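Before any comments, here is the structure.
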There are 2 protein chains.
Amino acid sequence: MDFKAAAPVGFRPLYLQVREELTRYLTNGRWQPGAMLPSEQELARELGVSQGTVRKALDAMTAESILVRRQGRGTFVPELEEGRIMFKFFRLYPDKGERLFPVSKVLSSQLARAAAAEAAALDLKKGATVWRINRLRYHGERIMLRETISLSADRLPGFGDLAAIPNNVYRLYSERWGVTIVKIAEKLKAVAASPADATELGCKEGMPLLRIERIAYDLNKTPVEFRVSHCLTETMHYASDLS
Amino acid sequence: MDFKAAAPVGFRPLYLQVREELTRYLTNGRWQPGAMLPSEQELARELGVSQGTVRKALDAMTAESILVRRQGRGTFVPELEEGRIMFKFFRLYPDKGERLFPVSKVLSSQLARAAAAEAAALDLKKGATVWRINRLRYHGERIMLRETISLSADRLPGFGDLAAIPNNVYRLYSERWGVTIVKIAEKLKAVAASPADATELGCKEGMPLLRIERIAYDLNKTPVEFRVSHCLTETMHYASDLS
DNA sequence: CAGTGGTCTAGACCACGTA
DNA sequence: ACGTGGTCTAGACCACTGT
């Protein structure tokens, strides 16, 4: 590594360079989900920096939930088991009672030309091919939402060959293509249920629905997934914490 | 201070104790908004810990936006000028175009007995007295939302004596009562416009509105404000970033 | 130039989990 | 008992800001 070659101008802190190097190891598969990283001391030796500098990089990554550290055990690449990533990026809660595991039912899955909104969200050329999945999701017996997921066919090749699309797609992206979702941007609105919404969700046309437009980004800040959800919020709410 | 008296059990890191002490200085008014804190070295001497420990406490507080640090200048208590705190906790954006400064119009302001929802949100006894403010807010010429703000009359005494309620109430809480809002929890739903909503917002009854229930907490994590907003989201959206 | 926060280092010791 | 991350210290040097 050309660490420490930093000139006074265009200065870039060492720990950020270490952070980038470690991120590289994650994207190129040196450490798989669930794996334990070498100790701080070992990493420091390997990268030719001090242990404190490695620590600062690891702390930054921990703050972003890219890594998990446990005192006395070690530093780990997070497992994407159901129930962790599921709830991490899933902000819908029942107004009362236990949070149940969402259940999904795929309605359709097909290849299509990217619409303007999809191309803009995924940073694709208009007309590029995308996978488009329609599905319903339930909270217990109760239907919760209807959503369309759009994916770049180039970035996730062979997506359509899958026999089934699992409930937790982010785990799938990771296991199948090594794509780790770390950041999500959502835009929320209240909209009236369209005829199609009414049919699928079993509600009246015009019923107020929470519309969530989501763009999911991977470790390299590349947009990977675009998703539009229409949610019934009579007994559920979306939680947002600001600080 | 009884720093360093920590026994092996019930262990509490030094930098957290420092953090608490500094937070105390903020709540008891030693440092007002806009003030510059002593340098890390001075604080370290004053508190009898090392500069690195002070730094760790300051970093934690900076991460929460309780303090602001600027290289070469110093560490400051954030000013609550319009446009900073305003936008910090305000997640509504226009779908296109510039973000304008919200304008508020107070409809009513009165003392009342806390309803169940207010008492629960503000952690008050049912029937305690609260200030209840109704107002409208505009994005440019366009009406954006209608909201009711509920405040514990005990915690913000004399609120009703104010000649006018400013647009930026969080600045007011800080300047008048030394109450700094640092954390906000919101619950979002889509609801149909009630007759009252329709009248105030100039929309049809039944129009889908984004309902935002907010609880605002101060430095001590005490709930200070409960607010319910009903927003028109035809040309606006609520932005939420998860990571 | 002086003073501030920001980075980096090196080393000591502590708390935690596991064997 | 051992290895891990977590805390704490002390000191050097760098980058940024204002005088």
Side-chain angles (χ1 to χ4, degrees), chain A residues 1-22 25 31 34-79, chain B residues 1-22 25 31 34-79:
Chain A
M1 279 200 282
D2 54 354
F3 282 1
K4 297 186 173 172
V9 71
F11 166 74
R12 195 157 179 70
L14 236 195
Y15 77 93
L16 285 181
Q17 298 176 49
V18 169
R19 204 190 96 110
E20 280 163 19
E21 185 69 10
L22 296 179
Y25 291 155
W31 300 315
M36 177 174 147
L37 270 59
S39 74
E40 297 180 347
Q41 292 290 358
E42 280 179 72
L43 283 174
R45 259 198 310 279
E46 176 183 331
L47 299 172
V49 302
S50 80
Q51 186 242 18
T53 301
V54 169
R55 168 172 299 253
K56 195 157 184 188
L58 292 175
D59 282 346
M61 297 174 79
T62 303
E64 293 182 69
S65 306
I66 295 174
L67 294 175
V68 173
R69 319 188 72 188
R70 264 169 300 187
Q71 187 173 144
R73 307 244 339 251
T75 303
F76 301 83
V77 184
E79 293 266 18
Chain B
M1 276 198 283
D2 54 354
F3 282 0
K4 295 185 174 174
V9 70
F11 166 75
R12 192 157 182 69
L14 236 196
Y15 77 92
L16 285 181
Q17 298 176 48
V18 169
R19 204 190 94 111
E20 278 163 19
E21 185 70 10
L22 297 179
Y25 291 156
W31 301 315
M36 176 174 147
L37 270 59
S39 75
E40 297 180 347
Q41 291 291 358
E42 281 180 72
L43 283 173
R45 258 198 310 280
E46 178 183 330
L47 299 172
V49 301
S50 81
Q51 187 242 16
T53 300
V54 169
R55 166 172 302 253
K56 194 156 185 191
L58 291 176
D59 282 347
M61 296 173 79
T62 303
E64 294 180 68
S65 305
I66 295 173
L67 294 174
V68 174
R69 319 188 71 186
R70 264 169 300 187
Q71 186 173 141
R73 307 243 340 247
T75 304
F76 300 84
V77 184
E79 293 266 19

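Predicted model only: the values in this text are computed from it and were never measured. Chain naming here is simple, since letters A, B, ... match the order of the sequence lines and numbering starts at 1 in each.
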Which atom of [X] lies closest to which atom of [Y], heavy atoms considered:
X: Tyr15(B); Y: Ala57(B); answer: O-CB, 3.5 Å
X: Leu67(A); Y: Leu58(A); answer: CD1-CD2, 3.6 Å
X: Ile66(A); Y: Pro78(A); answer: O-CD, 3.1 Å

Calculate the interatomic distance between [X] atom [atom1] and [N] atom [atom2]; express it in whole Å.
X: Arg45(A); N: dT9(C); atom1: CZ; atom2: C1'; answer: 16 Å
X: Arg70(B); N: dA15(D); atom1: CZ; atom2: C1'; answer: 16 Å
X: Leu47(A); N: dC8(C); atom1: CG; atom2: C1'; answer: 15 Å
X: Arg19(B); N: dT7(D); atom1: CZ; atom2: P; answer: 13 Å
X: Leu37(A); N: dG5(D); atom1: CG; atom2: P; answer: 9 Å
X: Leu58(B); N: dC8(D); atom1: CG; atom2: P; answer: 14 Å
X: Leu14(B); N: dC14(C); atom1: CG; atom2: C1'; answer: 12 Å
X: Leu16(A); N: dT7(C); atom1: CG; atom2: P; answer: 7 Å

Do the side-chain N or O atoms of [X] get closer than 4.0 angstrom to the phosphate oxygens (OP1, OP2) of [N]?
X: Lys56(A); N: dC8(C); result: no
X: Arg55(B); N: dG6(C); result: yes
X: Thr53(B); N: dT7(D); result: no
X: Arg69(B); N: dG6(C); result: yes

Heavy atoms, side chains only, cut-off 4.5 Å: are [X] and [Y] in contact?
X: Val54(A); Y: Gln41(A); answer: no
X: Val68(A); Y: Thr62(A); answer: no
X: Arg12(A); Y: Glu20(A); answer: yes
X: Glu42(B); Y: Leu37(B); answer: no
X: Arg19(A); Y: Leu16(A); answer: yes

Nucleotides 10-13 of chain C: which of its N/O atoms have a protein N/O under 3.5 Å away?
none

**OP:** Have a look at Glu40(B) and tell me which of Lys56(B), Arg55(B), Arg45(B) forms a salt bridge (charged side-chain N to carboxylate O under 4.0 Å, His left out) with it.
**Re:**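 Only one of Lys56(B), Arg55(B), Arg45(B) forms a salt bridge (charged side-chain N to carboxylate O under 4.0 Å, His left out) with Glu40(B), namely Arg55(B).
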Give me, pair by pair, the N or O atoms of the protein and of nucleotides 1-3 of chain D that are less than 3.5 Å apart, along with how far apart they are.
{"from": "dG3(D)", "atom 1": "N2", "to": "Gly72(A)", "atom 2": "O", "distance (Å)": "2.7"}

